Protein chains: 2
Amino acid sequence: MAVTDRRKQVLASAAQSFATFGYKATTMDQVAKIANVGKGTIYTFFANKEELFDEILYGAILDMKKIADREISRDKEFFDNLYRVLDRLLEYRREHELFIKLSHEVRDFGTPQALEALDKVENVILEYMERELKLALDNKEIKPCDPKIVANVILRLYITLTTESRKSSEPLNKEEIKHYFRLFLSEGLAEVRDVTV
Amino acid sequence: MAVTDRRKQVLASAAQSFATFGYKATTMDQVAKIANVGKGTIYTFFANKEELFDEILYGAILDMKKIADREISRDKEFFDNLYRVLDRLLEYRREHELFIKLSHEVRDFGTPQALEALDKVENVILEYMERELKLALDNKEIKPCDPKIVANVILRLYITLTTESRKSSEPLNKEEIKHYFRLFLSEGLAEVRDVTV
DNA sequence: AAGTGACCGTTAATGAAAATTAGTCACTTT
DNA sequence: AAAGTGACTAATTTTCATTAACGGTCACTT
């Protein structure tokens, strides 16, 4: 069997295992078994468990970058793009088994590698937003501000709106989320008072 | 010694112990010792450890309500009041030893009673904001919205801005926080384009 | 040369014994 | 008799020694 095939075999098996069992509960013995290779073989491709995991994570992050690039349309306005891409990225994150499992692992065991992985994903999203905010600043579409801070606020806002479940009431639907998103980020909450209708 | 004195003695000792050691690490033996009463005496005033804790928590919550009422001026505008009261309340929460200890306890051990206590405090703050938002709605100071959702967003926004530390850069100063607070809640991020200057 | 799995040192799970704790109540003090 | 107490109990938590599982290696096989 060709070297690249074996490598791919290992990667596929590891991806499946990490997504099903999380970081901690995935053992190298198991990956070797699923991949139908000896354990030693894994170590000819990857220095250790963390590097194997990182490569799979990097693949998922590449997917997210592709999603963002595909979803963005330079002819549409800033807030539209922002909301749509953020929605897609977080949907991807929310629905991918690997990230679901990693979230649970952080909650239940606090596994450092799982936490680090989720942080990396968050940073990718933040970096994307920072870039877009800088473009919007150059085009004078938004008021002067620190893109880093605003990117953070926007992400937190989105997360707050999408997890508005815990206390009473069911989570907001997409239209409601979009409405509040626009209210805070674009229009502002204050009623306009000095404009004659 | 009068009954009320003994009760106060117990409360004071318990308050000190909860603030110093947290919920879990405060033992009824220790409270009795500090208060200079037999352990049985505590149980003539409080049914159990949780009720003793609740009474102390309730005291702190009363303090917060007083702070909010004192800080609010009906002649000042809505966002000014909102920001100032929120700032005072969270400063109180941030600087009171009991709440600091309880936060650590939740982080380190996940003690359910500590979590519940912090939730109660958060709810007091949310309820206060909800009330103020309803007033502002009646006065048409803010656009139509669900006060519950907006209260939540505002609290998260404040917390995001005040803990903008982890990733690089030092935390924002009060003026900066106020600036961003105003930017998102009052004015909106979008640059106004259709107004001739 | 490429691939392997038994083996190694370290870390984590297990469970039984020991210690600690919230809450009680028979007894002491006032 | 009313108020106060701390030794006691049942339940929980901590401790610790033993066992099991793990990541990573390397002498050996293919």
Side-chain angles (χ1 to χ4, degrees), chain A residues 1-18 20-57 101 104-106 108-117, chain B residues 1-18 20-57 101 104-106 108-117:
Chain A
M1 200 189 277
V3 170
T4 53
D5 285 348
R6 302 184 84 77
R7 207 187 123 94
K8 274 182 189 160
Q9 189 79 8
V10 170
L11 268 176
S13 307
Q16 188 198 313
S17 194
F18 283 128
T20 313
F21 305 110
Y23 181 85
K24 202 172 79 112
T26 288
T27 72
M28 296 302 264
D29 277 312
Q30 202 185 51
V31 172
K33 205 164 198 176
I34 297 173
N36 262 313
V37 298
K39 189 158 56 150
T41 306
I42 299 176
Y43 287 88
T44 61
F45 301 126
F46 307 96
N48 52 43
K49 187 177 174 179
E50 282 207 51
E51 256 187 38
L52 174 59
F53 179 65
D54 277 353
E55 182 128 345
I56 283 153
L57 185 67
K101 198 72 210 174
H104 291 168
E105 202 175 341
V106 169
D108 298 341
F109 311 108
T111 316
Q113 291 88 349
L115 187 69
E116 200 190 321
Chain B
M1 199 188 279
V3 171
T4 53
D5 284 350
R6 301 184 85 79
R7 207 187 123 95
K8 274 183 189 160
Q9 188 80 6
V10 170
L11 268 174
S13 306
Q16 187 199 313
S17 194
F18 282 127
T20 313
F21 305 110
Y23 181 86
K24 202 173 79 115
T26 289
T27 71
M28 297 302 262
D29 277 313
Q30 200 184 53
V31 172
K33 204 164 198 175
I34 298 173
N36 262 312
V37 299
K39 187 158 57 149
T41 306
I42 299 177
Y43 287 89
T44 63
F45 301 127
F46 307 97
N48 52 44
K49 187 178 175 181
E50 283 207 50
E51 256 187 39
L52 174 59
F53 180 64
D54 277 353
E55 182 130 342
I56 283 154
L57 185 67
K101 198 71 210 176
H104 291 167
E105 202 175 340
V106 169
D108 297 341
F109 309 108
T111 315
Q113 291 89 347
L115 187 69
E116 199 191 322

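Here the structure is a predicted model, which is why all the values come from computation and not from measurement. Letters A, B, ... mirror the listed sequences (proteins, then strands); counts begin at 1. Below, each value reflects all heavy atoms present in this structure, side chains not excepted, and no hydrogens, waters or symmetry copies.
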- Just say parallel, tilted or perpendicular for the rings of A/Phe53 and A/Phe18, cut-offs at 30° and 60°. perpendicular
Starting from [atom2] on [N], measure out to [atom1] on [X] and report it in whole angstrom.
X       : N      : atom1 : atom2 : answer
A/Ile42 : C/dG3  : CD1   : C1'   : 12 Å
B/Phe45 : C/dG23 : CZ    : C1'   : 17 Å
B/Arg6  : D/dA2  : CZ    : C1'   : 13 Å
A/Leu52 : D/dG24 : CG    : C1'   : 13 Å
A/Asp29 : D/dC22 : CG    : C1'   : 8 Å
B/Met28 : C/dA22 : CE    : P     : 7 Å
A/Gln30 : D/dC22 : CD    : P     : 8 Å
A/Asp5  : C/dG3  : CG    : P     : 11 Å

Checking all strands, does [X] fall into the base, sugar-phosphate, or nothing category for heavy-atom contacts under 4.0 angstrom?
X       : value
A/Thr27 : sugar-phosphate
A/Lys24 : sugar-phosphate
B/Lys49 : sugar-phosphate

- Note on the structure: 5'-most contact on DNA chain D (nearest-nucleotide basis), B/Gly38 vs A/Ala47, goes to B/Gly38
- Item | Identity of whatever pairs with D/dT30 - Watson-Crick or G-U, under 3.5 angstrom | C/dA1
- Message: Assess the residue pair A/Phe45 and A/Leu11 against the criterion (side chain to side chain contact (heavy atoms under 4.5 Å, CB included)); give the C-alpha distance rounded to whole Å, side-chain angles, the decisive distance to 0.1 Å, and a yes or no.
- Response: CA-CA 10 Å; A/Phe45 301 126; A/Leu11 268 176; over 6 Å; no
- Within 45° of the axis and under 6.0 Å from the centre of the six-membered ring of B/Tyr23, does NZ or CZ of B/Lys49 qualify? yes
- Message: When you measure from the side-chain N and O atoms of B/Arg7 to the phosphate of D/dG4, is any distance below 4.0 Å, counting only OP1 and OP2?
- Response: no
- Query: For the atom pair CD (B/Gln30) and OG1 (B/Thr20), what is the distance rounded to the nearest 0.5 Å?
  - Reply: 8.5 Å
- Query: So how far is it from A/Gln9 CD to A/Asn36 CG, rounded to the nearest 0.5 Å?
  - Reply: 7.0 Å
- Item | Residue A/Tyr43, side-chain heavy atoms: nucleotide from D/dT5, D/dT25, C/dA22 that is nearest | D/dT25
- Tell me which of B/Tyr23 and A/Thr41 sits closer to the 5' end of DNA chain C, going by the nucleotide each one is nearest to. A/Thr41
